[in-house]
Novice: 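Got a structure here, written out as structure tokens. Questions coming.
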Amino acid sequence: MNGIHDMGGLHGFGEVPVETDEPVFHARWEGRIFAMTQVLDTTGIYNLDEHRHEIELMHPADYLRDGYYGRWLFAMERILDRKLILRRTEVDRRLDEQAANIPKFSTLTPQRQWPLTAQQKIRWGAQRPEEPITPSFAVGDRVRVRNLHHSGHTRLTAYVRGRAGVVSKVNAESWIYPDTRAHNVGDNPQAVYNVTFDAQELWGDAAEPGTKINVDLSEAYLEHDET
Amino acid sequence: MNGIHDMGGLHGFGEVPVETDEPVFHARWEGRIFAMTQVLDTTGIYNLDEHRHEIELMHPADYLRDGYYGRWLFAMERILDRKLILRRTEVDRRLDEQAANIPKFSTLTPQRQWPLTAQQKIRWGAQRPEEPITPSFAVGDRVRVRNLHHSGHTRLTAYVRGRAGVVSKVNAESWIYPDTRAHNVGDNPQAVYNVTFDAQELWGDAAEPGTKINVDLSEAYLEHDET
Amino acid sequence: MTNHDTDNHDHDHDHAHHHRHADSERPGHSHAPTKPWQATRAEAVEALLHELGVIDSARVDEIVQHYEEKVGPKTGARVVARAWTDPAFKQRLLADGLAACAELGIGGPETELLHVVENTDNVHNVIVCTLCSCYPWPVLGLPPAWYKSSAYRSRLVREPRTVLAEMGLSLAPQVEIRVWDSVSEIRYLVLPQRPAGTENMSEDELAALVRRNAMIGVAKVAAPEVPS
Amino acid sequence: MTNHDTDNHDHDHDHAHHHRHADSERPGHSHAPTKPWQATRAEAVEALLHELGVIDSARVDEIVQHYEEKVGPKTGARVVARAWTDPAFKQRLLADGLAACAELGIGGPETELLHVVENTDNVHNVIVCTLCSCYPWPVLGLPPAWYKSSAYRSRLVREPRTVLAEMGLSLAPQVEIRVWDSVSEIRYLVLPQRPAGTENMSEDELAALVRRNAMIGVAKVAAPEVPS
């Protein structure tokens, strides 16, 4: 999807804000959300790309306002609600009861998709070495990035679409295709390439001299450059 | 500049929100800001493209939150402050005095860039018929949109950059070039063309069949298509 | 996710949020209706500019009144009805929209050139401005909130058929959609198709049928209801 | 315009705003410090998930502790110092970063493949993830706030030389900058240049010189201060 998360090349965000003596987490809740997500990642409830896509589905204004771990909290709540593990209504009721100082919280209703059966569990990592693939491109090949604009998850950044570059590395490992895995419609294992772009190709006259941009791109994002 | 205001093609904003029996202004302040801007437009303090660019310079999160006339208010305050007509500190002081129920407000200090001399006044409209130009492109010409990414104001929407289309209309009138006028570095009068793009050229496989997109583009945004 | 997408008016300072609920946990946070900060600041700016002689508040009053009462879609409807009933006017309108409108005493700020684009059985036109919300004020008045929304601005150029269908206008697949993104100083007006069953109507009666959305291109002009 | 750009942590619900001042005009709006809504909701979600047996809060404690205390840039510094002092290791590291790190007992989630990119007199490497904020956690710990900021994510790929200069690293024009946008599951680590004057230092002493920013590529490793 074309979203605010796909920030490469945008103006308007000012200087990079560097903090001195920065803690690992800036508030206790940030650490809890981070670590809870790590645990949930291992449960088979969802996969990495689903998590990323859930964040992308935030309204752009919320995305910009809620901060890094605020986005993770948002995604956690939405995924758990959608997957019938913990309903949003249950969280809201708990918060209401806390606010009202109820001595004993309501019992959680038993109907939920938990625990998951082995068949229901979704696999995590992105490498699929057991499904070997033959890459279509080789180091040195000139490739053009396809102009894809589908509404789902993608790792194809907007700023390279339609642009030509050179394959600088072939990660011949069999990797999942995020665009389909995020929607649980198949792993579609394929090669991931590192493609080198001249800055001029991406940014025209606004490019800084003597800079190259390297981006890792799935095979489905690329075609042979015909020009 | 590449900013959130350049929204063509983005996902993530949901359905178009249609309101029934909508008033012209939804609050009194909206009408005041609109009409004050119309008056200020005639004073020579700034030009149209400066006003638009001032809005674009809002932080993206503010841009998405403040609403249409909220952006106009932001731009008005910033321009008046920057141009030394009405300082932000003066507005803030007035608000503080109001909040404190001060019986008589502080006198406004006399030093300011007002009234403007005839020489200081900036011209408004975009047509420059007194500076006739000869267009470089003709109806039917295949053109490619230049891949421009400068940090200033532009009316070159990101979604057509690098894309090829056909000139469908030549507005041979001599029009100012917004990219320079916004920064008061010259009118650079030139032709504006209407260029027709096949949806497929812009959106690839995600294009809707049987749709064309027509965009008005200044001559400096275009080059002859060589492919 | 509530009303972010309206993106147009009167947003509360900490407006609707998916976690709004959590507000109730915030001590000292009142939900009493308050004057929006924009109103407070707008009043102060106006008062100061008036005191300085930069603007005249009476002139501001007049402009507000003009856009609230004098100009609006009824102006454009007169143009459309004239084009439907006067072929020579229609020809002039399509050749030079602004000059033809001037014949009817129509014109004003923010429209230096007007292109009128005509709908036919095979072609449907629709207007947008992806960069801000350019709109032919002298002909249609000020744009509706949805025209200024992020959703309309972002989606119309990418999926016009879907957007139009959502807004109630389902077009046959063979009808070509032409989207006009009015990012330069040229403004657009859609000349809708005259509906069937209006052959005997007067120009004024026809004008009464023409609504704003048809002149933006997100609707057709509905045929008059047949009296039963 | 304040601290939007940090865009990373602990934002107040109606956080910093250019019109913040106007808040003081809002009746009933308290500025008392309150628990952020994220903390309130995070606690409720954790409590409920723990009650349901989906997560174990003790395990959450362990993970927080791991990332706060056990893993961080010091891990990466060990790798760099080893590469500086052991040419064979460096060769293995550049060939297969993850396997070489495993030799030192380093590895963990979010890094399925690690490319180590080496700075030279003529080439400077720098890492970003424009789409989210991918980062080699097992080697560098969790990323700093600036790495996750909208400013860094948006600007580094378009104007790396300017961004690096702003952050204190001015590179000569003849030095080629290579930006690595790690949007796939491959993670990157910059192998900085070993500073002059460190010929007699031990591996541990060298590791102490290597800071996080040099391994992201927004700084060089500073030469040790010469005792006066």
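Lettering follows sequence order; numbering is per chain, from 1.
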Novice: Closest heavy-atom contact between A:A61 and B:L64?
Specialist: N-CD1, 3.6 Å

Novice: List the atom of A:H150, the atom of B:A206, and the distance in Å for their closest heavy-atom pair.
Specialist: N-CB, 4.3 Å

Novice: Looking at A:E56, A:R146, A:H149, which makes the most heavy-atom pairs under 4.5 Å with chain B?
Specialist: A:H149

Novice: Looking only at heavy atoms and a cut-off of under 4.5 Å, which of A:A158, A:G162, A:G9, A:A207 has the most pairs with chain B?
Specialist: A:G9

Novice: Are more than 12 heavy atoms, taken from residues, nucleotides or ligands other than B:K83, located less than 6.0 Å from that residue's NZ atom?
Specialist: yes

Novice: Roughly how far, to the nearest 0.5 Å, is the OH atom of B:Y159 from the CZ atom of A:R161?
Specialist: 15.5 Å

Novice: Give a yes or no answer on whether the side chain of A:H11 reaches the backbone of B:G3 with a donor-acceptor pair at less than 3.5 Å.
Specialist: no

Novice: Tell me the closest heavy-atom pair linking B:P60 and A:G12, and the distance in Å.
Specialist: CD-O, 3.4 Å

Novice: Between A:L202, A:N147, A:I4, which shows the greatest number of heavy-atom pairs under 4.5 Å with chain B?
Specialist: A:N147

